[in-house]
Amino acid sequence: MVNPIYIIAVLLGIGFILPLTEKKLSKLGPWVFYAGMIFTALVSYQWFRFFIVSGGETYHIFTAGVKPPLSINLQIGLFESVLLFVTNLTGLAGAVYMTKQISETGVRAMVLLLLLLLGLNGLILTRDIFNLFVFMEITAISTYSLIGMDVKSRSLSAGFKYMTAGGLASAFLLLGIIIVYSLTGTLNLDGMIRSAEGIKNVKLLSIGSMMILFSFIIEAKQFPANGWALDVYEGTKPGVAGLISGIGTTAVFFGFYKIMPLFTNETLKIVMWAGLITFFFSNLMGMKQENVKRMLGYSSVAQTGLVISVSAWSFMLGNDKLIFPMIVLPLLFNHFFTKTGLFWIAGLVKKDTTGLWGSITENKILHGIFIILILALSGFPPFPGFWGKWNLVLAMSLDSNFFYIWVLLAGSLFEAAYLLKWAGITLKKDKSKDILEYNSYKMLALQIVVLIFFAVTVYYFMTGNFDHTNGGLHFYLPFALGTGLLLLPFIPEKLKGMISMSVIAVYAFYFLPDQNGIGRFFNAMFLSGGFFLTFATLNRKDRSRSFYPLLMLMLGSLIALVNSDNILHFFFSWEIMTLSSYFLIHRGKGSAEESFRYVMFSLAGAFLMLLGFAYSFPNLNGQMSFGIFAVPGQFTSLSFILISIGFLVKSAALGLHLWIAGSYAKAEDDTSAFLSALLSKAGIFGFVMLLLAMGAPSAGKFDLAYILSWIGALTALIGTMMAIYEEDAKRLLAYSSMGQVGYIILGLAIMSGLGWTAALFQMVNHFLIKGILFLAIAGVIYRTGTSEMYKMGGLIKKMPWSFTAVMFGIIAISGVPPLTGFGAKWLMYEALIEKGWYLQTGMAFFASTVAFLYCFRLIHAIFLGQPKTEFRNVKEAPAWFLIPQYVFIMAIFFFSIFPRVLIDRISAAVEPFFGKSLTWDGNTVISSLGYWNATAVMTIVGVVFVVLAIGLFIKLPKVQKVKQFNIVFAAERPETPELTHFAYEFFRPYRRAMGWMVRPYATRFWRSVTESAYTVSDALRKIYTGNGQTYIFHILLVLVILFYISTGVK
Amino acid sequence: MEEMIERIKLKFNAKDINRQKATLVFFSVEKKDLEACVLYMKEFEGYSNLTMISATDWIETGTFGLTYHLHNYKNRTDVGIKTYIDRKNPSMVSINTLWAGARVFERELKEMFGIDFPGCPRVDDPFALEGWDNLPPMRKDFDTVKYSEETYFPRPGRSTKDNVTQMEEKLYAVEAEVKKGIAKTVRKNK
Amino acid sequence: MTMIGEENKNEKKNFDTELFCDAVPKEVPRINGIIQKFYDWAQANSLWILAFGTGCGSIEMRPLYTARYDISRFGMAPRPTPRQSNLFIISGYASVKTLKRIVRSYEQMQNPKFVMGLGSCTVNGGMYWDSYNTINRLDHYIPVDTYVAGCMPRPEALIAGFEDLKKRIKEGRAEGANEYAKNFEWYKANQKKVIKDWDMPDYNW
Amino acid sequence: MENFWTTLLYAFISMFIIFNYGMVLGGVVYKIIARVHGRFGPPVWQPYINLVKVMGVRTAISHGIMFWLGPVFRFTGGIGLFLFMPVLFGVPWMQNFSFSGDLLLVIYFIFFGQLGMALGAAESGHPYSPMGIMRGLSQVTASEVPFALAVIALAAQHGTLSITEIVAAQQGGIANWNIVTNPVATLAGMMAFLGMMMHAPFNLHIAPQEIPIGPPTEYQSNFLSYMQANRAFFASAKLILFMNLFFGGATNIPVLVGKTFSLYMITVFIGVVNPRFTLENSIRWFIRIPTVTGIIAVLIYTF
């Protein structure tokens, strides 16, 4: 074991030797420098190994062989070793990154880097408060020198601002040390903490600790005393900025962390809220930011604030030993690696504006790293940030600190907003050329950091409080498949699709029989739907590496969602689903804005859901099972509402539906089918789980299920209403989907056996129909190249199979007997009338008749009417699209003739919860109100139809087949098919009469919400004027405020 | 009205001033002045309505006479602005930019007289005659009876009983005789 | 413009065969016997008039539907689409431009179809006999079952004409559609003689 | 269903009766309209003559397979609607196939023929067809709202959706009819009835002056004969539905004729003396007065 003091010694030594021998050993200099760096890394690795693997005891080092208070002591324990290791390794990587700069600048840069590293190592190791001060000074001096090394006015001004702020911080720290020392009589931290308890002059001590606190608040760049830091991040070269943001803040934080035990609970509370405020406001301000480095600066400040806040809270609870590894470290690592990595990526790109980052895709590896880092920073699973936040939220809920969670999640949403927007830009095709500044050293350094980050991620994934035994293979396999495909980019696309299909099939074959109840029902839908819809994607010709992996991840997350047996599994799958579907939607043409809207709505929903979980979490003393919802708690109805909003967002309920049309329409055509047929069912599944677990609580006087029923009914009506005015086939279907899902919500809200049977029947129906319709439309768009309905027309002659599919689809969706749609409607109305919700019944009925309008429009504008000259030579849609459609049609016919097969299974799943609601007499299903014999209906209709058709065939004289212009056109010759095809603004008179129903209130509301958020962000940002004096004023302001808060105004 | 006529005389050198009624005047201007004159009448004299554009085939002098009938809603007066264009190469400036309604008249004149109005939209589209391939039918040298007999399968045995002959033969035989006698006398004296 | 010219050169027909059906009409023979009689009787008692006033004479058709004359007594009614009507009344003079529309509408009617010429103009041109733009004899362009002469004939005269037409139908002599199919080329030649910009197929289905 | 063949035979008998009834009813209506206009009008058997006439048409044209199938859909919708409805209460041979489903089936089956016909007519490529369909469909969506509310009120009143049971509950004199026991729902239902019968003032979809007879512009020959025959079934079936729902049903044919005839006369008389609504007006009218009436009818049973 090499004593860690040698780290300091070696760094210091090399730092002295290099300038002295600059002339003589000029060639050897860099080698010595790197050797020193490697040495420190190795030593820290040794300690790291010692503590992690062997589980050694905390080790104290006493300088000069004397015990404190006489000597300075260093301490290396588990946490120190971990931090030391990552710091030194990253320091080494940083040195590699800056190779070019170092070789240009020579010894000076090396020395400064060594000193910086020395300071940081010292900050981590030392247990002596004055020593801490010294190391902080070393860090600060080396940092401003590093900043100023790049001799530009911006850097120099940034360095100067840093120096001013740092000077203030040092002054306060020194003052504080003096006061505390005068009281405790020791400089050793442990000694101070021990003796602080017995101090009589509490007031003086608190002033002393307050001084120290001031200093660290400045050093840790807390809001709003952090204007200088943002200028530093913006003005510095990315290599240095990465080091400052990554290891710099980490070490300063750790120093702060060490002093925290000194503080009283009141002080800690201030620190905690100050940190949270920093997190919230920095992220809010980041939203409007377009300069990459400054944006990262905001994020960096925010993350530091969060970590500090959590640490302060952990000391308040007195639970720091548990919270540090569970929450603080993952958050810290997440910040550390992603920020370092992103800064360094920024160093590889010439442009500073986020909007110009499009062509980062030129380098696939770099782009992949970039996306992964962004996702990790936004707190998506499976990265450490996710675990940190998850644990934090749950722990906070146990502490009943719900306001904290609200603010935390709001801040996280802002952060995700600007980060995902940035990521979204790079995923789009519109590229400005040649912005990459490729440098193999930089890449190497980046890869080192990312590799460590992967290791950390894997570690947290394995040890995070994820119950690995319980979920088992069911849970992991789908994710594994998606990830596996992602890591195998060389496999041809078609093969990937086939692999996906076969895995789905195998999975269904082995695991479906084991399941039971409603879950099996959902899984059967997801698996069969996934199988056949994936079949349709085999038609693709473009070579896109990421499509199948993302698709599999989405399907996998849906299946995992169904299989999840605790809230963590649920939320994990939910987040992966959101993420994968976001990227899938983002692949479509011109979808940047729409997919962003989708992901923001989904994330907000997910965060509200998480809040809902948090409100229920304390019910069972920290168990994560769904049982928490069954136990009546203080916040049951609030929890229900919050979680419901999460699900309502996914189901695009009225008011939360803004994303649906755009994202369904802009996603690739075969992807839309997945979104509508499968993904929209995720929210439904959530409701099923929630309502089963929680029942339908009432909030005050209001029965929440009743409110839910109105939401469902209104969604059904307004969704349908909006569908009829759309010109774009996919937007029309999207709104149709919204309306249909509204029915399902309505059915679930009934909370009776019949209602749930209706809802689930409707769900299967909707799944089959939307599969057919979206695929058929995808086929049409594939052939014609447009999704504007009025541009098509008369395609029945060219695409008879697609036409037939759409025809059956619309007959089924509109609820006309004899197809399944009627079954769903029948069950729904029986259930609603049975329940006594007559007005909702009327509304649902209205919606179902309005559905005829868009159904007719869809089929007429595309397939009937006048064929256009430009589509004279289109062919039938590819068989890849048609085969799944006809499989679904066969299923529809089967369920139409024998609905008992389906209803019996649904009833079996629902009966345990609600009892028996339907009886059978042969093929007649009998409810408490009425009866329905689907087989008889089908037979009668079929026989009459066939008899009449044959009759017409016999009776009709020789029929002359005529062509499109052989119409009675008031004895005129039709001019062009375009002018003869009545399809554009088809329902204009209806809009004049009923348009008031679809006025965009929701759109206006959300627009005003986002605009005000951006406005606030922009306005707040203006406090950072770039003027050093303003920054000093901010700092002083913070000091005054903190002073008054901590002491109280007397 | 008189003042207006004076102004027109002065500005456009109007000739052939024919004051038919207190509220109706005809005058003629040069072909080159016509557009300016019409514009002037519209913008400054208040003749905001183009009632119609008519044409006359002066086959003897080899010209087409065009008359632009304008109406003033304020003082309820009408003017007819005449101009004469060459019959061999009939072309006239289009005033469709002043009145969109002029398009119809110009299109009709193009069809019926063969007068071209370059720049007028759809001026070459058929108006009443679809696929006409003969002389413009309103020209005096077009023989409509001959054309009808050649084209439209006249039904044999058709006899005309127009009102004049009918009346002369059946009701006023004596008067008709007198009339014929006078005509004979006059012709003889000539 | 040159592009269009070239295309026209290659394509002999002056209409798009993808847009129009260019089949020619065929004669449909009468079935002999009682069924045909029955059908004839029904046709005679259910005359649906194509509501297409081709000329000034159509003003005389309006009173027919009023309480004073009331042709609905005979099962007659106006019908706005040629597909469903079986009686075409050419009401007065027919200019060449209108003739084109008359021919199209006539061809769009289904086989037992009857034509009544209303007014002298349809007989021999009437007062427009020497017009450059008005046809003289309607029966050179489409087969006519009955003429009602006069300028204008009164509604009573029209009703008398209907009675005459019904008699013809019941006797099985009103086979204008078959006659048109049989002498299709003659009719078409006559039509094309006056309608010079024929841009559709010969028969408008 | 104890004897399939008997059921079938009975169905044929009732279909025969109702077909003739529907045809004569049409004729009578023509006659009445004419009398209101002060005319003699056609003979009452004129619909038969028209039917024979279109059947005797010798040629036909078709725009495609869906055009061809449209009338078949339409006629199936009419016959099916009739077959799913019990015609006479307590008369076994007039129950048709009403064991197949309840009121909801009947209501939704109304759309079957309309949808099929719409598809067929739209394939003709004539712009007036979709225009007429658009108008018809738009109006149907509005008129169905009060109807649905009335039906819901009835279901709430009687606790059943079976037509037979609703009729059974109304037996025993006028005092038990729904028009007496549930006047608000009846009012809403009858206002919706005006729209559903598509007579003036709610016949914009066929507006002959603007869009010559709307959807079936291109139909002729035997296609038309199916549509004419369907009209007899469809109108009668709708009348029987309303009679069953609000006016106590019928136990024998004279009562059936009397009630349905009187019902039909309501629309006829209203239609004869009223001009035609524009689409916006008729939709607005339906979602105001009738819908509010329907909501009141429903609210009575909610609270």
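Just so it is clear, the structure is predicted and the values come from calculations on it, not from any experiment. So you know, we letter chains A, B, ... as the sequences are listed, proteins then strands, and number each from 1.
Taking every heavy atom of both residues into account, D:F277 and D:L204 meet most closely at O-CD1, 3.4 Å. Closest approach of D:P215 and D:S129 over heavy atoms only: O-OG, 3.0 Å. Across all non-hydrogen atoms, the minimal contact from A:P818 to A:S896 is O-CB, 3.6 Å. Closest approach of A:A824 and A:N765 over heavy atoms only: CB-ND2, 4.0 Å. Here the closest non-hydrogen pair linking D:N96 and D:A11 is OD1-CA, 4.0 Å.
Residue contact with chain D, scored on non-hydrogen atoms closer than 4.5 Å, involves the side chain of A:F803 exclusively. Of the atoms belonging to D:F84, it is side-chain heavy atoms, and not backbone ones, that fall under 4.5 Å from chain A. Within the 4.5 angstrom heavy-atom criterion, atoms from both the backbone and the side chain of D:L104 approach chain A. The contact between D:Y226 and chain A is made entirely by side chain atoms (from C-beta outward), counting heavy-atom distances below 4.5 Å. If you measure heavy-atom distances from D:F67 to chain A, you find no contacts under 4.5 Å at all. The part of A:M994 that comes within reach of chain D is its side chain, from C-beta onward, which places non-hydrogen atoms under 4.5 angstrom from that chain. For chain A, no part of D:V151 is nearby; none of its heavy atoms comes within less than 4.5 Å. Heavy-atom distances place the side chain of D:L83, and not its backbone, under 4.5 Å from chain A. In this structure, the portions of A:K961 lying under 4.5 Å from any heavy atom of chain D include both its backbone and its side chain. Interface remark: D:L105 contributes backbone and side-chain atoms alike to the contact with chain A (heavy atom separation under 4.5 Å). Only the side chain of D:I133 comes within contact range of chain A, with at least one heavy atom under 4.5 Å from a heavy atom of that chain. With a threshold of 4.5 angstrom between heavy atoms, A:L839 approaches chain D through its backbone and through its side chain. For D:S138, the parts sitting under 4.5 Å from any heavy atom of chain A are the backbone and the side chain alike. Interface residue A:S928: only backbone heavy atoms are found under 4.5 Å from chain D. Using a 4.5 Å cut-off between heavy atoms, D:E123 contacts chain A through both its backbone and its side chain. When heavy atoms are compared at a cutoff of 4.5 Å, A:L956 approaches chain D by way of both its backbone and its side chain. For chain A, the nearby part of D:I79 is the side chain; its heavy atoms alone come within less than 4.5 Å. Looking at A:K797, the atoms closer than 4.5 Å to chain D (heavy atoms on both sides) all sit in the side chain, from C-beta outward. Contacts between D:S124 and chain A at a heavy-atom distance below 4.5 Å involve the backbone alone (N, CA, C, O).
Once rounded to the nearest 0.5 Å, the distance linking CG of D:L241 with CG of D:L103 reads 6.5 Å. Note that OH of A:Y838 and OG1 of D:T302 are 6.5 Å apart. Values are rounded to the nearest 0.5 Å. Between D:N222 atom CG and D:Q228 atom CD the span is 10.5 Å, to the nearest 0.5 Å. For the atom pair D:E144 CD and D:I107 CD1, the distance stands at 7.0 Å (nearest 0.5 Å).
Within a 6.0 Å radius of CZ in D:R288, no more than 12 heavy atoms belonging to other residues, nucleotides or ligands are found. No more than 12 heavy atoms of other residues, nucleotides or ligands sit less than 6.0 Å from atom CH2 of A:W801.
Using cut-offs of 30° and 60° on the angle between ring planes, the pair A:W826 and A:W932 is tilted.
For the options D:W68, D:F112, D:F97, heavy-atom pairs under 4.5 Å to chain A are most numerous at D:W68. The greatest number of non-hydrogen atom pairs below 4.5 Å with chain D, out of A:M807, A:K958, A:Q866, A:M843, is found for A:Q866. Listed options A:P817, A:G865, A:G930 were ranked by heavy-atom pairs under 4.5 angstrom with chain D; first place goes to A:P817. Taking A:K963, A:H981, A:Q964, A:E830 one by one and counting their heavy-atom pairs under 4.5 Å with chain D, the maximum is reached by A:E830. Taking A:V925, A:I833, A:L929 one by one and counting their heavy-atom pairs under 4.5 Å with chain D, the maximum is reached by A:L929. With chain D as partner, the option from A:P867, A:G815, A:G836 having the largest number of non-hydrogen pairs under 4.5 angstrom is A:G815. In terms of heavy-atom pairs under 4.5 angstrom with chain A, the leader among D:L279, D:V140, D:L119, D:L149 is D:L119. Of the listed residues (D:G80, D:S162, D:P130), the one with the most heavy-atom contacts under 4.5 Å to chain A is D:P130. In terms of non-hydrogen atom pairs under 4.5 Å with chain D, the most contact-rich of A:G793, A:P989, A:G922 is A:P989.
Partner D:I295 forms a side chain to side chain contact (heavy atoms under 4.5 Å, CB included) with one of D:T291, D:T293, D:V298 and no other, that one being D:T291.
By the 6.0 Å and 45° rule, D:R74 stacks over the aromatic ring of D:F234.
Donor-acceptor pairing under 3.5 Å is recorded for the side chains of D:Q139 and D:S282. Between the side chains of A:T924 and A:D921, not a single donor N or O lies within less than 3.5 Å of an accepting N or O.
Remark: A:F845 engages A:Y829, D:Y108 in a ring-ring contact (aromatic ring centres under 6.0 Å, His included) (not counting sequence neighbours).
When side chains are defined from C-beta on, D:V167 does not count as touching D:P86, because their heavy atoms never get closer than 4.5 Å. Looking at heavy atoms from C-beta onward, D:S98 lies out of side-chain contact with D:I163 at the 4.5 angstrom threshold.
At a heavy-atom separation below 4.5 angstrom, chain D is approached by A:V850, A:F852, A:L853, A:F856, A:I859, A:H860 within residues 850-860 of chain A.
Aromatic pair D:F16/D:F12: ring centres not closer than 6.0 Å.
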